[in-house]
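One structure is given below, encoded as structure tokens.
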2 protein chains.
Amino acid sequence: MRSADLPEVRAIHLFQSMEEETFDSIVKAAYFQTFPDHVDLIEEGGPADFLYVVVEGCVELYAKANGRETTMAMVSPVGTFILAAVLKDAAYLMSARTCQRSRILMIPSEDIRAAVEKDKAFSAAIIWELASCYRAVVKEHKSLKLRTAVERLANRLLRYHNDQGGNGTLSLPYDKRTLASLLGMAPENLSRAFNTLKPYGVAVDGSKVRLDDLQALQTLAKPNSLIDDRSM
Amino acid sequence: MRSADLPEVRAIHLFQSMEEETFDSIVKAAYFQTFPDHVDLIEEGGPADFLYVVVEGCVELYAKANGRETTMAMVSPVGTFILAAVLKDAAYLMSARTCQRSRILMIPSEDIRAAVEKDKAFSAAIIWELASCYRAVVKEHKSLKLRTAVERLANRLLRYHNDQGGNGTLSLPYDKRTLASLLGMAPENLSRAFNTLKPYGVAVDGSKVRLDDLQALQTLAKPNSLIDDRSM
DNA sequence: CATTCCACTTGATAAATATCAAGTGGCAAT
DNA sequence: ATTGCCACTTGATATTTATCAAGTGGAATG
């Protein structure tokens with residue numbers, strides 16, 4: 001890695017508190033790579049050779065079984081993926097592909113495992129990250145088991161709305177096909193779900209959404225901090 | 001905690017490799033408690049006061065939203081629950097109740113967090129446990145998104161069959177109501193799913209199940225190690 | 001400008017799943 | 001034994017969701 005890139009890596013939360021020596025061991029064989037969109041990065045079942053950090057762009061985690069495929073999560077900057085597989089030195093459970101031109105930091109997984117052994121501050125950061133990832137999946141799982149498709153969409157819109165400033169408008173961060181899969185529904189049903197939300201003040205124009213009746217939408221969505229709150 | 005109980009705690013995988021000093025700090029305020037079945041242990045949204053370890057019996061993790069309730073996971077010995085909430089000092093995402101008379105080890109969460117800070121071997125064990133829990137939820141989530149109800153049941157039967165020796169019979173570890181909720185279906189549909197599996201050699205009698213045509217059941221279930229394999 | 005492509009939408013239908021309402025059968029208490 | 005209870009099953013039906021088959025419209029291409 002070029003020394004010019006080092007400060008950028010150091011600024012990533014996961015690597016902020018580690019000792020200098022550990023940091024050196026991590027960046028030694030690590031490198032940045034920029035990928036065009038729709039490029040496959042890893043395939044489920046493969047060995048966990050690297051830990052990936054999305055620095056710019058966006059990465060989709062997806063999985064297949066039988067003949068079906070589903071989006072498991074979207075990773076935006078600065079997020080990691082397949083951390084658990086790296087730590088356990090186990091096969092990836094999910095595949096990953098870019099959904100935008102993306103700048104990705106790749107760190108050999110042996111270096112990560114060695115650093116975790118050595119550096120208390122780093123292992124504390126790893127624990128925090130892992131616990132956060134765990135809770136994020138639990139929330140997704142709750143959402144899928146406890147809500148209908150329309151409710152999942154409504155809550156997702158409220159979340160994006162909140163993330164984007166809460167000024168009555170939002171833009172969908174991914175194409176609708178991907179959003180549908182992420183929310184666990186067929187693309188056709190996402191269209192219909194948007195129609196169902198029309199009476200609740202949801203106006204869709206391409207990737208732009210206007211929320212004209214937050215009150216009504218919230219009444220329908222019944223947001224729940226133990227499912228929707230990303231910060232806990 | 002009585003000193004007679006200490007060896008039993010030391011034998012738990014999570015606590016095996018830690019230093020003696022850390023172990024003392026962990027067991028200092030920890031205690032065993034035995035609960036009858038169907039006792040509520042924690043409620044989602046509550047503060048993470050303790051880390052729980054199921055030593056004997058069985059605990060159901062469940063969650064509610066709107067007016068619905070679903071079983072998220074079953075914890076059998078020796079398993080922990082709400083580790084992530086303890087480490088982040090955050091609210092529980094799930095409730096827990098015994099589903100059998102159960103012996104539970106309870107450790108104050110501050111002691112866990114302090115021990116993680118101090119003890120490398122313990123933090124390594126925590127990381128392993130967390131990563132395993134994460135991957136278990138991801139697998140559950142994949143199962144729910146990629147499989148039909150009948151497929152989920154078929155694969156679950158194959159798993160229990162395997163766990164229990166693979167001699168053509170198995171016994172359902174929980175009542176059918178709970179199993180249905182765990183698999184993400186209504187109790188009535190579990191009954192029907194068992195009927196659907198009858199032509200594939202699945203014979204149910206109460207909680208006893210006979211698998212008379214493994215080949216056929218596997219063809220239907222299409223088990224996938226990246227979903228069904230607990231050991232990776 | 002016309003064409004093609006692709007994402008998305010809409011309609012019709014099918015499949016999966018849930019709900020409601022009776023059952024059935026085993027088991028424990030009296 | 002009788003009773004009541006409870007878990008589970010079964011049937012009928014409703015709801016939700018998926019699938020298949022045309023559309024539509026916008027953006028890029030030539």
Side-chain angles (χ1 to χ4, degrees), chain A residues 36-38 58 60 64-71 97 99-100 143-157 171-199 202-209 220-221, chain B residues 36-38 60 64-71 97 99-100 143-157 171-199 202-209 220-222:
Chain A
D37 61 353
H38 297 285
C58 187
E60 176 189 3
K64 294 186 191 190
N66 299 353
R68 288 154 253 179
E69 177 180 316
T70 192
T71 302
R97 63 186 160 219
C99 55
Q100 294 172 22
S143 177
L144 196 60
K145 287 188 89 172
L146 291 167
R147 287 175 169 162
T148 66
V150 171
E151 288 170 339
R152 292 196 298 276
L153 173 60
N155 281 292
R156 185 60 66 136
L157 292 178
S171 65
L172 301 174
Y174 334 109
D175 59 26
K176 287 175 183 161
R177 225 184 91 78
T178 306
L179 181 61
S181 182
L182 181 62
L183 293 176
M185 60 182 100
E188 295 94 327
N189 281 344
L190 179 63
S191 275
R192 294 189 178 103
F194 273 123
N195 283 331
T196 305
L197 292 180
K198 214 172 265 174
V202 176
V204 185
D205 179 24
S207 70
K208 300 295 169 197
V209 180
L220 175 98
Chain B
D37 62 352
H38 296 286
E60 176 190 3
K64 294 185 190 191
N66 300 351
R68 287 154 254 180
E69 177 180 317
T70 191
T71 302
R97 64 186 160 219
C99 55
Q100 293 172 23
S143 177
L144 195 59
K145 288 187 89 172
L146 290 167
R147 286 176 169 161
T148 66
V150 171
E151 288 170 339
R152 293 196 297 277
L153 173 59
N155 281 293
R156 185 61 65 137
L157 292 178
S171 64
L172 301 174
Y174 334 109
D175 59 26
K176 287 175 183 160
R177 225 185 90 78
T178 307
L179 181 61
S181 181
L182 181 62
L183 293 176
M185 61 182 102
E188 295 95 326
N189 281 344
L190 179 63
S191 276
R192 295 189 179 103
F194 272 123
N195 283 332
T196 305
L197 292 179
K198 215 172 265 175
V202 176
V204 185
D205 177 24
S207 70
K208 299 296 169 196
V209 180
L220 175 97
K222 292 179 211 66

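The sequence lines fix the lettering, A, B, ..., with proteins before strands; numbering per chain opens at 1. Computed over heavy atoms, backbone and side chain alike; hydrogens, waters and symmetry mates excluded.
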Any side-chain heavy-atom pair from A:S181 and A:T70 closer than 4.5 angstrom?
-> yes
Interatomic distance where CG belongs to B:L153 and C1' belongs to C:dT17 [whole Å] | 14 Å
So, does B:R97 use its side chain to make a donor-acceptor pair with the main chain of B:E60 at under 3.5 Å?
-> no
Give a yes or no answer on whether the side chain of B:K145 reaches the backbone of A:L182 with a donor-acceptor pair at less than 3.5 Å.
-> yes
Step by step, would you call B:N195 with B:V204 a side-chain contact (heavy atoms from CB on, under 4.5 Å)?
-> CA-CA 9 Å; B:N195 283 332; B:V204 185; over 6 Å; no
Can you give one letter per nucleotide of nucleotides 7-21 of chain D, going 5' to 3': B for a protein heavy atom under 4.0 Å from the base, S for sugar-phosphate only, - for none?
-> -SSBBB----SBBB-
Does B:R68 come within less than 4.0 Å of A:E151, counting only side-chain N to carboxylate O?
-> yes
